[in-house]
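Okay, structure first, notes after.
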There are 2 protein chains.
Amino acid sequence: MCAEQQPGQVRPGGRTARNREAVCRATLLELAERGYAALTVENVAERAGVHKTTVYRRWGGVHGLVVDSLQFAIDDDWQPDLSGTVEENLLDHARVALDAFLDAEIGPTHTAVVAAAFQSTEAIEAVHAFFADRFGRAASIITTAIENGELPPETDSIAVIRAVMAPIYFRLFISREGVSDGDLQQAVQAAVASARAGVFSSFDQDGERS
Amino acid sequence: MCAEQQPGQVRPGGRTARNREAVCRATLLELAERGYAALTVENVAERAGVHKTTVYRRWGGVHGLVVDSLQFAIDDDWQPDLSGTVEENLLDHARVALDAFLDAEIGPTHTAVVAAAFQSTEAIEAVHAFFADRFGRAASIITTAIENGELPPETDSIAVIRAVMAPIYFRLFISREGVSDGDLQQAVQAAVASARAGVFSSFDQDGERS
DNA sequence: GCACTAATGCGACTCGAGTTGCAATACCGG
DNA sequence: CCGGTATTGCAACTCGAGTCGCATTAGTGC
């Protein structure tokens with residue numbers, strides 16, 4: 001979706017790559033300084049030293065900018081810390097994830113993609129893929145805990161991760177209640193308690209998706 | 001925020017009320033048919049048989065339209081069903097809430113306010129107030145359960161409600177995973193299990209909000 | 001009813017997002 | 001180094017969101 005060059009030859013050469021980097025960096029800065037509501041193609045183009053037509057042609061508009069900037073900025077080789085108890089590792093993960101959204105540089109971009117998902121199909125896919133990726137990696141916290149006997153076997157590891165993260169994002173972006181560190185601790189304790197009670201044990205998942 | 005008439009006299013007379021109703025209905029229909037991304041003041045104004053200047057003056061723009069339309073459309077005397085067990089009542093509540101967001105008529109408006117909250121302070125306050133109100137009412141499910149001995153005393157009733165709803169909204173609007181009825185059941189079971197484990201028992205809530 | 005004024009209608013205007021056709025530039029393979 | 005083509009720059013254009021001043025209409029209090 002970033003660029004749709006179906007013509008015979010693609011040209012990922014120096015200038016193209018330089019422009020992408022310049023535009024993505026400009027988008028990140030614009031988002032950090034002015035926010036998603038004020039993000040405009042022209043400002044980004046000018047800041048990146050690129051003509052706005054180029055941005056429209058390669059990214060299609062603000063949605064594409066936001067999506068590509070996220071993929072440009074995220075840390076691809078992140079792994080959760082597995083050195084403590086389940087509770088400690090989950091709390092650590094929750095804090096890191098929350099910080100990523102509150103961070104002055106990259107936070108606005110994360111938020112912007114979530115916001116863009118309300119208006120753009122590409123953004124929906126990007127957000128979905130982002131969470132699938134992060135949840136998949138964080139799942140090792142749970143599988144390790146299962147191996148250590150901290151949680152019952154057959155526990156759906158991704159379900160536990162989601163149970164930890166859902167209240168945090170809900171407070172942040174839906175109910176707009178704000179998130180304290182105590183909320184993180186409560187989310188972790190609730191998820192672990194539910195897992196120990198067998199709620200997340202893999203059972204036949206009936207009921208079709210809507 | 002709907003109208004800012006600080007001049008000496010307000011005039012909530014017949015025409016004003018009629019126009020508000022027409023505009024709000026038009027907004028609901030536009031949202032249902034075209035969605036939030038395509039919502040425009042001009043379309044709403046034309047549909048309502050009102051000049052666009054009037055809409056801009058009284059509502060300020062699309063954000064105001066969305067916010068006021070929600071307040072126009074929500075059912076003010078809703079009360080949760082308390083006839084079953086905690087699990088049954090919570091599951092019933094979760095289904096009703098989910099239906100409200102998936103409903104063809106009012107659902108798009110709920111979604112639109114959540115989306116608008118990413119761009120407008122008024123929308124943030126509206127969403128915040130909406131959830132505070134709904135959570136407050138649904139809390140009677142928990143207080144009743146405490147009286148019946150189904151849950152430990154000292155349980156923070158709103159925390160339980162939020163624990164039920166958070167995963168649902170998270171899947172709907174953040175991770176974009178879709179929601180099945182099995183997910184609702186799991187959310188209810190997790191919240192109840194956590195409450196029974198004492199996770200939501202009112203304790204000194206340290207950690208400041210961010 | 002009648003005066004007074006809030007609320008609305010109306011048209012013209014500004015301004016910025018997004019598009020298009022064409023010229024200039026820079027990468028790529030030889 | 002050189003020709004071919006993808007990519008970009010450029011300028012002019014369209015189109016719709018939002019604003020402003022003024023005329024008109026319709027509540028409100030008497």
Side-chain angles (χ1 to χ4, degrees), chain A residues 1-27 30-31 34-68 112 115-116 119-120 122, chain B residues 1-27 30-31 34-68 112 115-116 119-120 122:
Chain A
M1 85 217 50
C2 160
E4 19 72 316
Q5 303 111 321
Q6 63 273 48
Q9 275 178 330
V10 188
R11 213 177 260 194
R15 183 173 57 164
T16 300
R18 274 199 309 275
N19 279 345
R20 171 169 122 100
E21 180 168 339
V23 169
C24 285
R25 287 194 192 284
T27 305
E30 284 288 317
L31 281 172
R34 310 194 186 188
Y36 176 64
L39 185 69
T40 140
V41 171
E42 295 208 30
N43 289 342
V44 171
E46 188 183 9
R47 185 159 204 159
V50 163
H51 201 81
K52 68 170 181 174
T53 315
T54 302
V55 176
Y56 277 112
R57 279 197 276 242
R58 284 187 55 184
W59 284 273
V62 281
H63 303 330
L65 277 179
V66 163
V67 169
D68 196 38
Q119 300 185 334
S120 149
E122 303 145 23
Chain B
M1 89 216 48
C2 160
E4 19 73 315
Q5 302 112 321
Q6 64 271 50
Q9 278 178 328
V10 189
R11 212 177 259 193
R15 185 173 56 164
T16 300
R18 274 199 308 277
N19 279 344
R20 171 168 122 98
E21 181 168 338
V23 169
C24 285
R25 287 196 192 283
T27 304
E30 284 288 317
L31 281 173
R34 309 193 188 187
Y36 176 64
L39 186 70
T40 131
V41 172
E42 295 209 29
N43 289 342
V44 171
E46 188 184 10
R47 185 161 204 158
V50 164
H51 200 82
K52 68 170 181 173
T53 316
T54 302
V55 176
Y56 278 111
R57 279 195 277 242
R58 286 188 54 184
W59 285 272
V62 281
H63 303 330
L65 277 180
V66 164
V67 170
D68 197 38
Q119 300 185 335
S120 149
E122 305 143 22

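Lettering of chains follows the sequences in order, A, B, ..., and the numbering in each one begins at 1.
- In the set C/dC10, D/dT8, D/dG27, C/dC10 carries the atom at the smallest distance from any side-chain atom of B/R57.
- In this structure, NZ in B/K52 is found 11.5 Å from OG1 in B/T54, a value given to the nearest 0.5 Å.
- At least one side-chain heavy atom of A/V62 sits less than 4.5 Å from a side-chain heavy atom of A/V41.
- In this structure, the CH2 atom of A/W59 is 17 Å from the P atom of C/dA17, given to the nearest Å.
- When every heavy atom of B/H51 is checked against every heavy atom of B/A45, the shortest pair comes out as C-CB, 4.0 Å.
- When every heavy atom of B/N43 is checked against every heavy atom of B/A38, the shortest pair comes out as ND2-O, 4.3 Å.
- In this structure, B/R20 does not reach the C/dA7 phosphate: none of its side-chain N or O atoms is under 4.0 Å from OP1 or OP2.
- For C/dT8, the OP1/OP2 oxygens have a side-chain nitrogen or oxygen of B/N19 closer than 4.0 Å.
- When each of C/dG18, D/dA11, C/dA7 is scored by its nearest atom to the side-chain atoms of A/Y56, the top-ranked nucleotide is C/dG18.
- Rounded to 10°, the helix from C/dG1-D/dC30 to C/dG30-D/dC1 has 50° between the axis fitted to its first five pairs and the one fitted to its last five.
- Atom CD of B/Q119 sits about 10.5 Å away from atom CG of A/L39, to the nearest 0.5 Å.
- At a cut-off of 3.5 angstrom, the base of C/dC10 holds at least one donor-acceptor pair with the side chain of B/T53.
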